[in-house]
Number of protein chains: 2
Amino acid sequence: MKRNADNPKMKDVLREQIFGRALLPLQKLPSERELSELFSTTRISVKDALSALETEGLIYREDRRGWFVSPPRVHYNPLSRCHFNQMINEQNRIAETKLINVSTIMAPSDYAKVLELKELTEIHVIERLRYIDGRVVLFVENCLISHFFPAIIAENLTQSLTQLYQDKYQFTTSRSRFDVIPAAAPAHVAKALNISAGQQVLKICRVNYNQQGQIIDCEFEYWRPDAVMISIDSIEHN
Amino acid sequence: MKRNADNPKMKDVLREQIFGRALLPLQKLPSERELSELFSTTRISVKDALSALETEGLIYREDRRGWFVSPPRVHYNPLSRCHFNQMINEQNRIAETKLINVSTIMAPSDYAKVLELKELTEIHVIERLRYIDGRVVLFVENCLISHFFPAIIAENLTQSLTQLYQDKYQFTTSRSRFDVIPAAAPAHVAKALNISAGQQVLKICRVNYNQQGQIIDCEFEYWRPDAVMISIDSIEHN
DNA sequence: TGAACTCACTGAACTAGTCCAGAGGATGGG
DNA sequence: CCCATCCTCTGGACTAGTTCAGTGAGTTCA
């Protein structure tokens with residue numbers, strides 16, 4: 001590895017600066033062009049090095065804005081139907097939620113399949129964006145089977161849905177099922193998360209059951225892959 | 001997106017061929033050079049397109065051998081301390097395990113921390129490779145606290161360790177704790193998995209407890225990200 | 001027969017540029 | 001004071017090549 005001599009150095013230097021906190025979370029790195037001059041190499045090599053650090057979860061990019069240092073990952077347990085904001089607060093981080101879109105539609109076949117519905121059943125689709133410490137990290141799509149949730153549209157959908165399920169409909173989740181899949185961001189998700197289409201995300205598909213064992217809703221989560229760590233302890237589910 | 005006109009086409013064509021089963025799992029794609037001629041573009045663009053499909057989990061690369069179509073993902077539940085081979089067989093796939101290395105060392109500080117040990121405690125480190133349908137998909141490193149497992153080194157370590165724990169030491173796992181982290185492959189893992197260093201993998205760190213609630217071992221798994229899907233159902237843990 | 005060697009082919013890593021499109025700050029007119 | 005417009009900076013996407021190093025099949029030779 002002779003010709004490599006420069007570039008690993010660049011990766012190593014940046015890595016060191018990040019671990020040594022010379023570069024702080026959320027801080028912007030110099031532009032690709034500047035880096036290529038600093039390390040006297042081409043932009044393509046710089047890009048490769050930055051992508052590698054991105055894969056390690058040390059830095060992230062925002063489309064046409066630049067590269068930034070990733071804050072530490074949050075721990076997330078998809079089994080505990082917990083309140084997002086509370087969970088994040090417990091980790092001494094600041095959470096926000098923005099409602100993007102709410103629509104009521106006939107379940108398309110892929111959703112119908114997940115929810116085990118006959119087609120032509122009405123569902124509410126709620127799209128929300130979640131922020132941690134001011135950074136977009138999560139795009140969530142909730143699909144609620146309409147007849148379980150009359151008049152939910154009128155509610156404040158920025159709060160915890162779990163809370164709403166309990167307070168307004170007396171639903172407690174008796175069972176959750178979920179899949180975690182390393183995937184590529186679909187276009188609309190990429191746009192919302194401020195990443196480029198096709199970039200890697202961690203996709204979580206969850207199906208929730210009420211106390212009668214009926215499926216009441218499902219959820220598709222798309223996480224920035226450097227922002228999260230799935231963390232599960234079997235002792236909690238007894 | 002004018003100039004993009006060719007390349008998405010290339011991605012789309014390949015995607016279509018894969019979904020349409022014109023290209024079958026494990027089948028080799030044409031070389032990057034051939035593809036760049038076929039689609040009259042440069043190798044860098046071809047590489048970008050292939051990387052994008054790789055992120056989607058549709059294809060994978062083997063270092064200096066070529067690009068191949070990914071077989072379907074297997075479902076994996078890290079909570080059920082199940083036998084790897086059995087789990088894979090239940091999904092109508094063929095599993096193999098190869099022992100790479102066994103060593104007995106003083107726990108280095110990072111391992112000691114995970115295992116909640118004082119330093120200078122002896123551990124066995126067992127490194128194994130797992131194959132599905134003949135393809136390497138998983139690198140596993142098991143760290144056993146030595147004094148719990150006298151003479152385990154002499155056993156056949158290609159079989160299920162869970163089984164061995166039960167049969168030889170009467171350990172049943174009372175509790176498991178694990179983290180799932182999208183990460184970059186460390187060099188030795190990359191080499192074993194036949195991927196290039198720094199490529200993306202799904203890392204799973206698990207800690208196991210015996211029926212007395214003592215930590216007996218931990219495990220570091222590195223999965224090829226296109227090969228697996230974490231799949232958990234809360235109803236199974238009651 | 002089998003081990004060592006050769007060599008074409010593969011992706012990996014690189015150089016040196018161009019052009020495009022979105023983000024966002026500065027500017028200036030109403 | 002507000003809003004539109006411009007202009008600069010960013011990463012994204014590309015062209016057109018070169019060199020390097022591991023893979024693996026085929027060949028040679030003891």
Side-chain angles (χ1 to χ4, degrees), chain A residues 1-12 27-55 59-69 135-136 184-185 187-188 190-200 224, chain B residues 1-12 27-55 59-69 134-136 184-185 187-188 190-200:
Chain A
M1 284 230 184
K2 225 181 303 168
R3 337 186 59 224
N4 236 346
D6 284 350
N7 224 342
K9 203 155 70 188
M10 165 175 172
K11 270 199 284 187
D12 294 343
Q27 194 177 330
K28 190 172 177 305
L29 299 186
S31 75
E32 292 182 1
R33 277 164 249 253
E34 280 178 75
L35 284 172
S36 70
E37 282 195 13
L38 274 171
F39 292 91
S40 51
T41 179
T42 57
R43 256 188 79 203
I44 289 191
S45 305
V46 169
K47 225 176 146 108
D48 282 351
L50 292 172
S51 298
L53 291 171
E54 182 187 38
T55 303
I59 61 175
Y60 65 97
R61 62 181 105 182
E62 290 200 10
D63 201 37
R64 272 162 252 263
R65 294 218 317 120
W67 292 86
F68 303 84
V69 178
R135 171 187 172 214
V136 217
H188 69 293
K191 198 165 181 190
L193 286 180
N194 220 329
I195 61 184
S196 47
Q199 220 181 291
Q200 212 244 328
R224 284 190 97 127
Chain B
M1 286 229 186
K2 226 182 301 166
R3 340 186 58 221
N4 234 347
D6 284 349
N7 224 344
K9 203 155 70 188
M10 166 176 172
K11 270 199 286 186
D12 294 344
Q27 194 177 329
K28 189 174 177 306
L29 300 186
S31 75
E32 292 182 1
R33 278 163 247 254
E34 279 177 75
L35 285 171
S36 69
E37 281 195 15
L38 275 169
F39 291 92
S40 50
T41 178
T42 58
R43 267 190 69 206
I44 289 191
S45 305
V46 169
K47 222 177 149 107
D48 282 350
L50 292 172
S51 298
L53 290 171
E54 182 186 39
T55 303
I59 61 176
Y60 66 97
R61 62 180 107 179
E62 291 200 9
D63 199 37
R64 272 163 251 264
R65 294 217 317 119
W67 292 87
F68 303 83
V69 178
R135 170 188 173 216
V136 217
H188 70 292
K191 196 164 182 190
L193 286 180
N194 221 329
I195 61 185
S196 47
Q199 221 181 290
Q200 212 244 328

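Throughout, a chain's letter reflects where its sequence line sits, starting with A, and its residues are numbered from 1. Values in this document were obtained by computation on a predicted structure and should not be read as measured data. Hydrogens, waters and symmetry mates play no part in the numbers below; they use all other heavy atoms, side chains included.
Looking at the side chain of B/Ser45, the nearest of the listed nucleotides D/dT23, D/dT15, D/dG12 is D/dT15. Set against D/dT10, D/dG12, C/dG11, the side chain of B/Arg33 has C/dG11 as its closest nucleotide.
Residue B/Gln199 is classed as having no contact, given no heavy-atom separation below 4.0 Å to the nucleic acid. Here A/Thr42 lies in heavy-atom contact (under 4.0 Å) with a base.
No more than 12 heavy atoms of other residues, nucleotides or ligands lie within 6.0 Å of NZ in B/Lys191, so this atom counts as exposed by the packing criterion.
What separates CZ of B/Phe39 from C1' of D/dC14 is a distance of 17 Å, to the nearest Å. If you take CD of B/Glu54 and P of C/dA12, they are 9 Å apart, rounded to a whole angstrom. Atom-to-atom, NZ of B/Lys11 to C1' of D/dG12 comes out at 12 Å; the value is rounded to the nearest Å. The separation between A/Glu37 atom CD and C/dA16 atom P is 13 Å, rounded to whole Å. For the pair A/Asn194 CG and D/dG12 P, the computed distance is 11 Å after rounding to whole Å. Rounded to an integer number of Å, the gap from A/Ile44 CD1 to D/dC14 C1' is 9 Å. Rounded to an integer number of Å, the gap from A/Lys28 NZ to C/dA23 P is 15 Å. Taking atom CD of residue B/Glu32 and atom C1' of nucleotide C/dA12, one finds them 9 Å apart after rounding to whole Å.
Donor-acceptor pairing under 3.5 Å, judged by distance alone, is absent between the side chain of A/Arg64 and the base of C/dG24.
The two atoms that bring A/Val46 and A/Met10 nearest to each other are CG1-CE, 3.7 Å, heavy atoms only. The shortest non-hydrogen separation linking B/Trp67 to B/Ile59 is CE3-CD1, 3.6 Å. Annotation for A/Asp63 and A/Ser196: closest pair OD1-CB, 4.2 Å, computed over non-hydrogen atoms.
Between C/dT15 and A/Thr41, a contact under 4.0 Å exists linking OP1 or OP2 to a side-chain N or O. Contact between the side-chain N/O atoms of B/Ser196 and the OP1/OP2 oxygens of C/dG11 is not found at any separation under 4.0 Å. The side chain of A/Arg61 places an N or O atom within less than 4.0 Å of a non-bridging phosphate oxygen (OP1 or OP2) of D/dG12. Between A/Arg65 and the phosphate of C/dG24, there is a side-chain N or O to OP1/OP2 separation shorter than 4.0 Å. An OP1 or OP2 oxygen of C/dG11 is reached within less than 4.0 angstrom by no side-chain nitrogen or oxygen of B/Lys47.
Annotation: cation-pi geometry not satisfied between B/Arg135 and B/Phe68 (NZ/CZ under 6.0 angstrom from ring centroid, within 45° of ring axis).
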